[in-house]
Amino acid sequence: MSTTPESTPPPARKGDESRQATNFIRQIIDRDLAERRYPGVATRFPPEPNGYLHIGHAKSICLNFGLARDYGGRCHLRFDDTNPTKEEQEYVDSIQADVRWLGFDWGEHLYFASDYFQKMYDLAEKLITDGKAYVDSLSKDELREHRGSLTEPGRESPYRSRSVEENLDLFRRMKAGEFDNGEHVLRAKIDMASANMLMRDPLLYRIVKAEHHRTGDAWSIYPMYDYAHCIEDAIEGISHSICTLEFENNRELYDWVLDNVGFTEPRPHQHEFARLSLDYTVMSKRKLLTLVKEGHVGGWDDPRMPTLAGLRRRGYTPEAIRAFADLIGVAKTNSTVDIGKLEYCVRDDLNHRAPRVMAVLDPLKVVVTNYPLDLEERLEASYWPHDVPKEGSRPVPFARELYIEREDFAEEPPQGWHRLSKGGEVRLRYGYVIRCYEVVKDAAGAVVELRCSYDPSTRGGANPDGRKIKGTIHWVSAKHAVAAEVRLYDRLFTVPAPDATDGDFKDHLNPDSLTVVRAMVEPSLAAAEAGAHYQFERQGYFVTDSVDHRPGELVFNRVVTLKDSWARKTAGPEDDAAPVERESKPKADKGGKGRPTKLTASQGRGKAREADPALAEAFARFQAEHGLSEEDADVLTGDLALATFFEAAATGHEPEPVAKWVTNVLLAELKDRPVAELPFDGAAFGRLIALADAKTISTSGAKAVLEVMLAEGGEPAAIVKARGLEAMTDDASLQALVDAALAAHPDNVARYREGKTTLLGSFVGAVIKASGGSADAKRVKELVKAALAG
RNA sequence: UGGGGCGUCGUCAAGUGGUAAGACACGGGAUUUUGGUUCCCGCAUUCGCAGGUUCGAAUCCUGCCGCCCCAACCA
């Protein structure tokens, strides 16, 4: 992403193959495209217009629009406006502005869920007609009570059995506005006992008598998210509907609605990724709204807010945010990203686009006493450092009285101090070397002025006598400097995870998140334009404030400081290595009920055995008669089909290896498929294992045969014969393959001999592959070892 | 006493039975009138833990542990 103009391409380094950005969603898309499940890729970004977009949304926007871009598809911007009580046109506008600002274009694909209300309604009537939805007239409380709990099934509503005619009539009257809020709802008729709470007859429609920002009072019923969202996707022909992890439970309902309302494949499918969490900030709309409402910040666009509006005003660039999205990746792990990565991205972007200027944030007066009283010089100062390939400079006035940064002077300089001290020298950037010979203090003992001398021969970086000046500091001419308001922003919270701590997240608000200073800036800045970025040398990146900055009343926001390895060195461990202690969230003790533990697989099998004496009997017999371990016997007796399969396979053979093959290999191939679907029976499987056991075929050969059997069934011995998979055990053939494998990778041979012994496996693997799986692995390993040693 | 997910470096994150990518952070060095930038070099014998299968396991099997989500007429 980051482009350094004019830079030559970096030299190829080891293993450098510029890896394609990949993530599990791209893999799913690749698979779907390879299987031709969709004609192309269509994604969508579906915000509800009930608040401002934040950096977390930016991750989603970059993902969805990025996918469409990279796969030559399209990405829709769709407002999910199904709840008129919370949504406003203001948000519709701000969201569009933010997405555009971020750099994405939805072209003609701007949609509103509300445009589909009629279609959704028609489909709901169809559901009713099909007997798959009903009007319920329970109260809110009764509804909740009937829903059951996480561990107890729900109960069916007495209204569940209403006739289609009655349901249709009621639903039409709901639509016609004959009832008040809460009197009736439309529910899907699914399963009140489902382990997935969302499938317990979910609400499809509710009565809401409110003005909708787009449809006005045309509707008095509105669809619920789970009913509406999937239909919106399907209507628009979305292929991959990407949302965040907390919707994983909703996927089953997403699929149910589409399947029952009549959308057939290819239809959209939902995939979930982890939403963004960032250190030292909060991301929920509710908390952000609280900060705004209670005045902890100046508004949605306060530069400390993680909103796009806030980041924009802070001076973050769209490029930096997009680079950040690329940097953090997309996965399913709940994770919290170090906010330092975001800061890195802006610095990296602004470094080559922000001209350098000088500004003194905390001025300390310096009088250069040997500088002529009336003399004023104009020193030419480049806007760009040597390593940024851009041109341009401005004159900077120099005179007898200057300001320097107060922290660039130390009365008692610490070890390694490069800046000014009494009796010491420092270079003024683009100017002269000065030496401080006197420190003027006020009555309270505070330093108010430095009296210095300058060396005329050192102008503009000249160094005639080769003298070593370690430090260079920034400065402004007192007479020419322009006053400016500078807003120094810092993290909004003092702890890494403000919403994971005990008590109120607002307790951790950083009181120093905003410091306003009156700075003295170089005169060229008087002409600073709106939205202009600068680097104040040695300080950080700054931007003119988009609201308050104007000519004659300069206001700068600090985007981010420069990296400061000196401060890190001095500050010591407490400040810098601040251990990211994430206080773990206290268990929300919901309803006093302990958190139920999940039923494990073995517990499930135990239950199955309790319920089925045949299984219990097999469990005992497998141990007693076949000599299996309790563990193997357990795994094999979870369901009768598997137990029977095993017994058939074991008959006439050593039971132990058969058990190992069933549990370790077959189970993995099977995944969740029932054994009954296998195109071969237990006896055939047993014959395969016997072949391996007798060393007629090698282990990898047996796996190869199994692959074939899994795909098309067949008799193991015949497959072995047809594919020439008999174990290759004669040393002559094996040795030839080994020699070839070593010869193919002389570099790895050398590295192995230097001690990188983990390379052994790759040689063995190569030989086995070359043999088509028939080579005897143990022997190969011996031969490879010998060859490598020789 | 339910169901759905997730555990790979301080932080993100590749990896899909055959040499543990990369980035940020961190440490060291070089260049530098920004203690900035840039450039080098270093930074996981090990993938939540324990068993097992295999010539070979982060990847397969089993058990255990930890974390997140679900009981709005929100999305």
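Only a predicted model underlies this, so the values are computations on that prediction, with no experimental measurement involved. Within every chain, numbering begins at 1; the chains are lettered A, B, ... in the order of the sequence lines, protein sequences first and strands thereafter.
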Within this structure, what is the CG-NZ distance for the pair A:Asp348 and A:Lys341, rounded to the nearest 0.5 Å? 14.5 Å
Ring-ring centroid check A:Tyr534 A:Phe542, cutoff 6.0 Å: no
Give A:Ile328 one of three labels, base, sugar-phosphate or nothing, depending on what nucleic acid heavy atoms sit under 4.0 Å from its own. sugar-phosphate
Rounded to the Å, how far apart are A:Arg147 CZ and B:rG2 C1'? 16 Å
Quick one: list whatever passes salt bridge (charged side-chain N to carboxylate O under 4.0 Å, His left out) with A:Asp80, sequence neighbours left out. none
Hits for ring pair (Phe, Tyr, Trp, His ring centres under 6.0 Å) against A:Phe398, two or more places apart or cross-chain, chain-then-number order -> A:Tyr371, A:Tyr432, A:Trp475
Give A:Val185 one of three labels, base, sugar-phosphate or nothing, depending on what nucleic acid heavy atoms sit under 4.0 Å from its own. base
So A:Phe247, base contact, sugar-phosphate only, or nothing? Heavy-atom distance under 4.0 Å. base
When you measure only distances, ignoring hydrogens and angles, does the side chain of A:Asn334 come within 3.5 Å of the base of B:rC67 through a donor and an acceptor? no
May I have the distance from A:Asp226 (atom CG) to B:rC69 (atom P), rounded to whole angstrom? 18 Å
Identify, between A:Leu198 and A:Asn748, the residue whose nearest nucleotide on RNA chain B lies closer to the 5' end. A:Asn748
Partners of A:Arg275 by side-chain contact (heavy atoms from CB on, under 4.5 Å), sequence neighbours excluded? A:Thr244, A:Glu246
Pairs under 3.5 Å (N/O, protein and nucleotides 48-56 of chain B):
unit_1	atom_1	unit_2	atom_2	d
B:rG52	N2	A:Asn664	OD1	3.1
B:rU53	O4'	A:Asn664	ND2	3.1
B:rC55	O2'	A:Lys781	NZ	2.4

Tell me, please, which residues at least two apart from A:Arg31 pass side-chain contact (heavy atoms from CB on, under 4.5 Å). A:Ile28, A:Glu35, A:Arg37
Reading nucleotides 30-38 of chain B from 5' to 3' and marking B where a protein heavy atom lies under 4.0 Å of the base, S where only the sugar-phosphate is that close, and - otherwise, the string is --SBBBBB-
A:Phe763 CZ to A:Lys781 NZ distance, which is reported to the nearest 0.5 Å: 14.0 Å
Going by the glycosidic torsion and a 90 degree boundary from 0, is the base of B:rA72 oriented syn or anti? syn
For B:rC49, which nucleotide is its Watson-Crick or G-U wobble mate, given both distances must be under 3.5 Å? B:rG63
Both A:Thr82 and A:Lys59 contact RNA chain B. Taking the nearest nucleotide for each, which residue is further toward the 5' end? A:Lys59
Taking the side chain as every heavy atom from C-beta outward, state whether A:Leu186 and A:Met224 have any pair of such atoms under 4.5 Å apart. no
Assert yes or no for the condition that the ring centre distance of A:Tyr205 to A:Tyr222 is strictly below 6.0 Å. no
